[in-house]
Amino acid sequence: MRINVLYCLMVAVALCVSIDIAWAGSGEVSPVERMLNSRNESKRLEGAKFRIAKPFLKRTPMGVIADEIDMMIICSTEDDTPDMALKTAEALKGYVLVKEIDDEKSEMAIYVDKPQGERFREIVIVNARPEHSVLLFSGDFTVQSLIKVGEISEQERKHLKKNKVMLE
């Protein structure tokens with residue numbers, strides 16, 4: 001009888017642990033991910049699709065952290081209605097604005113979800129120019145990795161300005 005009780009307890013514990021692991025693996029959907037998933041224009045890249053896109057991503061400043069990215073969603077917002085702009089703003093309420101860029105090449109705002117210590121799970125880029133879009137990068141990021149992206153982006157912008165002056 002004691003063996004049956006012990007066996008039942010072990011099965012119950014194993015079941016609870018497996019449920020917890022499945023729940024943790026599924027993750028909670030963030031407000032920005034939920035908003036982007038609701039849009040027909042959104043393209044979700046993860047797994048094999050993301051591996052195919054990775055070489056193209058590596059040509060951008062985000063390329064320095066491409067190995068930290070698990071999934072990305074790209075969504076054109078060219079034909080956005082005022083209602084969708086409000087939904088985007090609402091979804092971003094819990095995020096931290098990291099930087100706004102407005103130069104001759106582009107206009108964008110970069111957000112991250114609330115960091116847990118030095119780590120965070122999402123980077124959101126809202127582009128107003130040259131093309132209206134929202135990009136969500138999901139992964140395991142550090143503040144240091146975000147600084148690296150900023151440095152590469154700044155170097156790229158300086159290089160473009162230098163070349164523009166030389167052409168004029």
Side-chain angles (χ1 to χ4, degrees), residues 27-46 49-168:
E28 194 174 306
V29 177
S30 73
V32 171
E33 185 176 353
R34 187 176 312 109
M35 184 268 305
L36 291 174
N37 284 339
S38 72
R39 310 235 5 220
N40 292 333
E41 303 85 6
S42 293
K43 304 292 182 240
R44 185 183 190 99
L45 303 173
E46 60 187 332
K49 287 181 182 178
F50 183 70
R51 283 191 296 279
I52 291 169
K54 213 174 199 181
F56 299 101
L57 183 64
K58 288 197 177 211
R59 296 181 195 159
T60 71
M62 291 298 288
V64 296
I65 62 167
D67 292 335
E68 298 171 31
I69 300 170
D70 299 327
M71 179 274 297
M72 67 184 283
I73 300 175
I74 304 167
C75 182
S76 173
T77 55
E78 284 293 330
D79 300 324
D80 256 6
T81 63
D83 181 50
M84 279 313 297
L86 286 172
K87 285 181 182 179
T88 301
E90 183 68 29
L92 286 167
K93 275 188 177 177
Y95 289 71
V96 177
L97 177 63
V98 175
K99 184 164 182 133
E100 291 182 300
I101 298 171
D102 187 1
D103 60 18
E104 60 278 346
K105 182 183 174 193
S106 61
E107 180 182 350
M108 68 178 73
I110 303 165
Y111 297 84
V112 298
D113 61 335
K114 295 219 172 163
Q116 304 295 317
E118 290 285 312
R119 303 189 96 70
F120 53 95
R121 295 280 315 145
E122 293 181 330
I123 300 172
V124 181
I125 300 175
V126 180
N127 288 304
R129 196 181 73 236
E131 296 175 7
H132 292 269
S133 61
V134 176
L135 292 90
L136 169 67
F137 299 92
S138 182
D140 183 22
F141 307 111
T142 64
V143 171
Q144 191 60 37
S145 62
L146 190 61
I147 291 170
K148 279 191 240 176
V149 172
E151 289 170 350
I152 297 295
S153 177
E154 197 62 37
Q155 288 173 5
E156 191 177 278
R157 291 178 189 296
K158 284 180 183 176
H159 181 71
L160 287 172
K161 283 182 184 178
K162 179 181 158 188
N163 286 342
K164 185 178 178 186
V165 169
M166 292 175 74
L167 290 174
E168 290 176 348

Taking all atoms of both residues into account, what is the closest heavy-atom pair of I69 and F137, and its distance? CD1-CD2, 3.7 Å
Provide the closest heavy-atom pair for R121 versus D113 in the form atom of the first, atom of the second, distance. N-OD1, 3.1 Å
Compare all side-chain heavy atoms of M71 with those of F50 and state whether any distance is below 4.5 angstrom. no
Cationic N near anionic O, under 4.0 Å, R119 to E68: no
Measure the spacing between CG of D102 and CD of E100 and express it to the nearest 0.5 Å. 8.5 Å
Which value, rounded to the nearest 0.5 Å, describes the distance between I73 atom CD1 and R39 atom CZ? 12.0 Å
Would you mind reporting whether Y111 and V32 have side-chain heavy atoms less than 4.5 Å apart? no
Please check if atom CD in E78 has more than 12 non-hydrogen atoms from other residues, nucleotides or ligands closer than 6.0 Å. yes
For the residue pair R34 and V29, what are the closest heavy atoms and their distance? NH2-O, 3.0 Å
State which residue, out of I74, L136, V124, T77, fulfils the side chain to side chain contact (heavy atoms under 4.5 Å, CB included) condition with L36. L136
What heavy-atom pair brings K99 and E154 nearest, and what distance separates the two atoms? NZ-OE1, 3.9 Å
E122 to S30 - nearest heavy-atom pair and separation: OE2-OG, 2.6 Å
Side chains of V143 and L146: closer than 4.5 Å at any heavy-atom pair? no
Separation of D70 CG from D140 CG (nearest 0.5 Å): 7.5 Å
K58 side, atom NZ; I65 side, atom CD1 - distance, nearest 0.5 Å: 11.5 Å
If I take atom CE from residue M35 and atom OG from residue S42, how far apart are they, to the nearest 0.5 angstrom? 7.5 Å
Would you check if K148 and T142 make a side-chain contact, meaning some heavy-atom pair closer than 4.5 Å? no
Looking at K87 and E90, is any side-chain nitrogen of the basic one under 4.0 Å from a carboxylate oxygen of the acidic one? no
Applying side chain to side chain donor-acceptor pair (under 3.5 Å), run through S133 and N127 and close with a yes or a no. CA-CA 5 Å; S133 61; N127 288 304; 3.1 Å; yes
Is any side-chain heavy atom of V149 less than 4.5 Å from a side-chain heavy atom of I123? no
In short, S153 meets I101 closest at the heavy-atom pair OG-CD1, 4.4 Å
Between CG of L45 and CG of L135, what distance do you get to the nearest 0.5 Å? 9.5 Å
